[in-house]
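Just so you know, ligand 1 is whichever comes first in the structure, and atom 1 is the first atom listed for that ligand. Below, all heavy atoms of this structure are taken into account, side chains as well, without hydrogens, waters or symmetry copies.
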Amino acid sequence: MSQHAKVDDIVVSGRSVGKTFANGTVIALKNADFDIKRGSFVSLVGPSGCGKSTLLRLVSGLIPATSGEVTVHNKPVTGPRPDISMMFQKATLLEWRTSLENVLLPTEIAGTITLADKNRAMDLLKLVGLGDFVFAFPAQLSGGMQQRVALARLLQTGADILLMDEPFGALDEFTRERLNTELMRIVSEVGATTLFVTHNISEAIFLADQVFVMTSRPGQVAKIIDVDLERPRSLSIQTSPEFNNLVADVRETLGAV
Ligand code: ADP
């Protein structure tokens, strides 16, 4: 009984996952093994080119693995699926649509928009702090606000696995820290399982329940570090000895390979 409960708790798994490009000449990812628990927040951290985005795209089903297997809810990922949604560094909002209309875009693509969909989109815009900007156009919003719209749009899909590829990477540090704090609140409120790519070690630890430390040549998950810091977390936690021990652990893993 308890064993079953344990298996059900794992949402995404990788078994010896490998990915090569350019007829096998570029090894983007080698032998990745991991299990991601339901509702957990996983950060993928590592230098540029170590396979972070590749791992995310493999989980999303956008690209197939060359070897090994990625499973979601114990079934192999064979292509994009409705319970997985992805967000990128650029908000990619449609300039001629309001925040609300941008958030409703995935619903519109999937079919007709109901009143319930509209109400949900309004609620999500409130959740991301844009209750007063529902009818604003992207040009009227700052970069951080545009990413908030993109986050609401991500949540509007109803996906419970969220893949985020450096979503706040293009924003100034102050805005990024604020959005990170809010992101933690939001994903725990909606109960989503989140994979978050970053090359910022502190950000990776601050957000996560687990940090996948990735190294390059070839790209691999060199170490999985559990982050047992209490939640909710505030930015000041970054000055604690526990936090700094985790930073040292990540740095050592990155430097040791
Ligand atoms: P990261 O996200 O950590 O910066 P990526 O996953 O984007 O790294 O890339 C890992 C490696 O795979 C890099 O060497 C990159 O150049 C290569 N790569 C990624 N996508 C492709 C592709 N479509 N064609 C060829 N090489 C690729």
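Listed here is the closest heavy atom pair of Pro80 and Gly61: CD-O, 3.5 Å.
The side-chain heavy atoms of Asn200 and Phe168, taken from C-beta on, include no pair separated by under 4.5 Å. With contacts defined as side-chain heavy-atom distances shorter than 4.5 Å, the pair Arg57/Met86 qualifies.
Heavy-atom contacts of Lys52 reach the following atoms of ligand 1: 1 (P), 2 (O), 3 (O), 4 (O), 6 (O), 8 (O) (cutoff under 4.0 Å). Those atoms of ligand 1 that come under 4.0 Å of a heavy atom in Cys50, given as number and element, are 1 (P), 3 (O), 8 (O). Atoms of ligand 1 found under 4.0 Å from any heavy atom of Pro47 (numbered from 1 in listed order, with element): 3 (O).
Between Asp209 and Arg231, at least one side-chain nitrogen of the basic residue sits less than 4.0 Å from a carboxylate oxygen of the acidic one, meeting the salt-bridge criterion. Under the 4.0 Å criterion applied to side-chain N and carboxylate O atoms, Arg97 and Glu108 are assigned as salt-bridge partners.
At the top of the distance list for atom 9 (O) of ligand 1, counting protein heavy atoms only, stands Thr54 OG1, 3.8 Å. Of all protein heavy atoms, the one closest to atom 7 (O) of ligand 1 is Ser53 CB, 3.7 Å. For atom 22 (C) of ligand 1, the nearest non-hydrogen atom of the protein is Phe21 CD2, 3.5 Å.
The shell of residues lying under 4.0 angstrom from ligand 1, judged by heavy atoms, excludes Lys19. At least one heavy atom of Ser48 sits closer than 4.0 Å to an atom of ligand 1.
Of the possible donor and acceptor atoms, one in the side chain of Ser99 sits under 3.5 Å from a partner among the backbone N and O of Phe133.
Rounding to the nearest 0.5 angstrom, the gap separating the CG atom in Leu207 from the CD atom in Gln210 is 14.0 Å. To the nearest 0.5 Å, atom CZ of residue Phe212 and atom OG of residue Ser43 are 9.5 Å apart.
The shortest N or O to N or O distance between Gly51 and ligand 1 is below 3.5 Å. Residue Ala28 places no N or O, backbone or side chain, under 3.5 Å from any N or O of ligand 1.
With a heavy-atom cut-off of 4.0 Å, His199 does not touch ligand 1 at all.
Atom 16 (O) of ligand 1 lies below 4.0 Å from none of the non-hydrogen atoms of the protein.
Of the candidates Gly219, Gly49, Gly46, Gly49 brings a heavy atom nearest to atom 1 (P) of ligand 1.
Asp117 and Thr107 share no donor-acceptor pair across their side chains, judged by distance under 3.5 Å alone.
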